[in-house]
Amino acid sequence: MIFRYSQWKQDAYDARLAETPQELEAILAPLAAAGVDAFHASTRRYWLPEFEDSDLNLAGWTKKLTGRPAITVGSVGLNGEFLKAFQGQGAELGSIDNLLDRMERDEFDLVAVGRALLQDPNWAAKVLAGRFDELAPYEPASIQTLS
Ligand SMILES: Cc1cc2nc3c(=O)[nH]c(=O)nc-3n(C[C@H](O)[C@H](O)[C@H](O)COP(=O)(O)O)c2cc1C
């Protein structure tokens, strides 16, 4: 079972369940003990530190505190968070070097991708092959491909 939780809300970017690692542990430890196999930690920008005095993001803290695999998400491959897309804004390509560094450090285990995949269904294959020059910036029109 994968448990997804969030430290923000669409209408309140600063809505938070936990203000400290201790508060987060109090929420997540019982869930892990109850049988959650992995956690999906929702953030708008995966590169932002979740708490002071550490550059771990929310997925990183989740893995550290529970020992369970963690999924990160939020603006992967792009430089702007996704709600702007609903205001008609695009997003330029963003480097994934920081993402790869974090994965190599085992900060988290899996990565979820939104707009980059809407823009290009072959995003993962191109990234895996190092074909970064074939990636395009996110255009809001690509979200229409869902309807
Ligand atoms: C209309 C809309 C509302 C969303 N609201 C929330 C929310 O309130 N809280 C949350 O954690 N994620 C929310 N999400 C985030 C998505 O579940 C997902 O993490 C995100 O779209 C990843 O996209 P990206 O890779 O383009 O950044 C919302 C997504 C959309 C499209």
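Counting starts at 1 for both ligands and their atoms, following the listed order. The structure presented is a predicted model; accordingly, all values stated were derived computationally and were not measured.
- In this structure, Gln7 contributes its side chain and Leu17 its backbone to a donor-acceptor pair below 3.5 Å.
- Looking at Asp11 against ligand 1, nothing comes within 4.0 Å, counting heavy atoms.
- Counting atoms of ligand 1 from 1 in the listed order, those under 4.0 Å from a heavy atom of Lys9 are 8 (O).
- A continuous path of hydrophobic side-chain contacts links Ile96 to Met103 [ILVMFWY only; heavy atoms under 4.5 Å].
- Panel note: side chain Gln119, backbone Glu139; a donor-acceptor pair is recorded below 3.5 Å.
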Starting from the C-alpha separation in whole Å, work towards a yes-or-no answer on side-chain contact (heavy atoms from CB on, under 4.5 Å) for Glu50 and Leu56.
CA-CA 6 Å; Glu50 191 58 34; Leu56 288 180; over 6 Å; no

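- Remark: ligand 1 atoms within the under-4.0 Å shell around heavy atoms of Gly74 are 27 (O).
- Residue Arg4 has at least one N or O atom closer than 3.5 Å to an N or O atom of ligand 1.
- Near Ser6, meaning under 4.0 Å from one of its heavy atoms, ligand 1 places the atoms 9 (N), 10 (C), 11 (O).
- Asp37 and Arg68 are not joined by a salt bridge, as no carboxylate oxygen comes within less than 4.0 angstrom of a charged side-chain nitrogen.
- The distance criterion of under 3.5 Å between nitrogen or oxygen atoms is not met by Ala112 with respect to ligand 1.
- To the nearest 0.5 angstrom, Leu110 atom CG is 10.5 Å from Thr72 atom OG1.
- The shortest non-hydrogen separation linking Tyr13 to Trp8 is O-CB, 3.5 Å.
- With Trp8, Tyr13, Tyr46 as candidates, the residue nearest to atom 12 (N) of ligand 1 on a non-hydrogen basis is Trp8.
- Atoms of ligand 1 found under 4.0 Å from any heavy atom of Ser75 (numbered from 1 in listed order, with element): 24 (P), 25 (O), 27 (O).
- Taking every heavy atom of Ser42 and a limit of under 4.0 angstrom, the matching atoms of ligand 1 come to 10 (C), 11 (O), 12 (N).
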